[in-house]
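Model, not experiment: these values are computed from the prediction.
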Amino acid sequence: MIKLKDALLSDIAPHSLLGTDDMEAYSRTLRDAVRLVLDMSEKTMVYYNFDSLSEKITDLMASEWRTQFYDGTLELAKKKELVKNTLQWYLSAGTDKAVNSLLETLFGNGKIIPWYEYGGQPYHAKISANIEYSEGIMEKFDTLLRKVKKTSTILDEIEMENQIKTSIHTGVSMHMQERACFYVQGVK
């Protein structure tokens, strides 16, 4: 099977047209033009080749689509994941699913707990996540959360579950000493 990039007009032309220099030249010129168009069309397939795009184009797409949780300081893999999920997040904006998606994308875990699951007041919620605390992270998280949660939902608290892996070394030592005391009567 001949690929479109390698096809020559002379491959499909009737035998009566073959064998002339004009036909060979025209055939090769047409093949080169088709190759040029196919190469250019591959560069315009932004959505198809998204994973291989540069950071600059990813930033432009995020700006164009107004990606909700986008931050230019994130690493490229996170940026691409955010841009890929933009349309899905617009469809689920204002739902618990959108908040859970934010937590999963930015922190790798976490979920929103509605008021009826923990005995709170109506229209309240809390978030449980494994987030390493810092002032910058919490400010950024608060800003992003306000963009995605329902406006009527009041956030009661954020439960941060930090797990620390550490080793504790213990030791036991025992020292025994016998002491003999002799008392002589009359001598103090």
Step by step, would you call Phe50 with Met61 a side-chain contact (heavy atoms from CB on, under 4.5 Å)? CA-CA 10 Å; Phe50 185 73; Met61 285 184 69; 3.5 Å; yes
Go through the structure and list residues passing ring-ring contact (aromatic ring centres under 6.0 Å, His included) with Trp65, not counting sequence neighbours.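 ring-ring contact (aromatic ring centres under 6.0 Å, His included) list for Trp65, sorted by chain: Tyr47.
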Within the side chain of [X], is there an N or O that forms a donor-acceptor pair under 3.5 Å with the backbone of [Y]?
X      : Y      : answer
Thr86  : Leu82  : yes
Ser101 : Ala98  : no
Asn100 : Ile112 : yes

Above 12 or not: heavy atoms from other molecules or residues under 6.0 Å from NZ of Lys97?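 Incorrect, the count does not exceed 12.
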Selection residues 73-95 - residue pairs positive for ring pair (Phe, Tyr, Trp, His ring centres under 6.0 Å), sequence neighbours left out: Phe69-Trp89
Listed once per pair and sorted, the ring pair (Phe, Tyr, Trp, His ring centres under 6.0 Å) pairs that draw on residues 21-45, sequence neighbours left out: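 Qualifying pairs, neighbours excluded: none.
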Report the C-alpha distance between His124 and Tyr118 in whole Å, list the side-chain angles of each, state the deciding distance to 0.1 Å, and finish with yes or no for side-chain contact (heavy atoms from CB on, under 4.5 Å). CA-CA 10 Å; His124 287 238; Tyr118 69 92; 3.8 Å; yes
Count I, L, V, M, F, W, Y as connected when their side-chain heavy atoms are under 4.5 Å apart, and connections chain through other members. Are Val83 and Leu74 then in the same cluster? yes
Spatial distance of atom CG (Asp96) from atom CD1 (Ile127) [nearest 0.5 Å]: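 Interatomic distance, Asp96 CG to Ile127 CD1, rounded to 0.5 Å: 9.5 Å.
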Yes or no on side-chain contact (heavy atoms from CB on, under 4.5 Å) for Trp115 and Ile154, after CA distance, side-chain angles and deciding distance? CA-CA 10 Å; Trp115 64 273; Ile154 299 167; over 6 Å; no
Pairs satisfying salt bridge (charged side-chain N to carboxylate O under 4.0 Å, His left out), at least one member in [range], at least two apart:
range            : result
residues 102-119 : none
residues 79-89   : Asp51-Lys84, Glu55-Lys79, Asp59-Lys79
residues 29-40   : Lys5-Asp39, Asp6-Arg35

Run the side-chain contact (heavy atoms from CB on, under 4.5 Å) check on Asn109 and Leu103 step by step: do they pass? CA-CA 6 Å; Asn109 62 55; Leu103 292 166; over 6 Å; no
Please report the shortest heavy-atom distance between Leu38 and Ser41, naming the atom on each side. O-OG, 2.8 Å
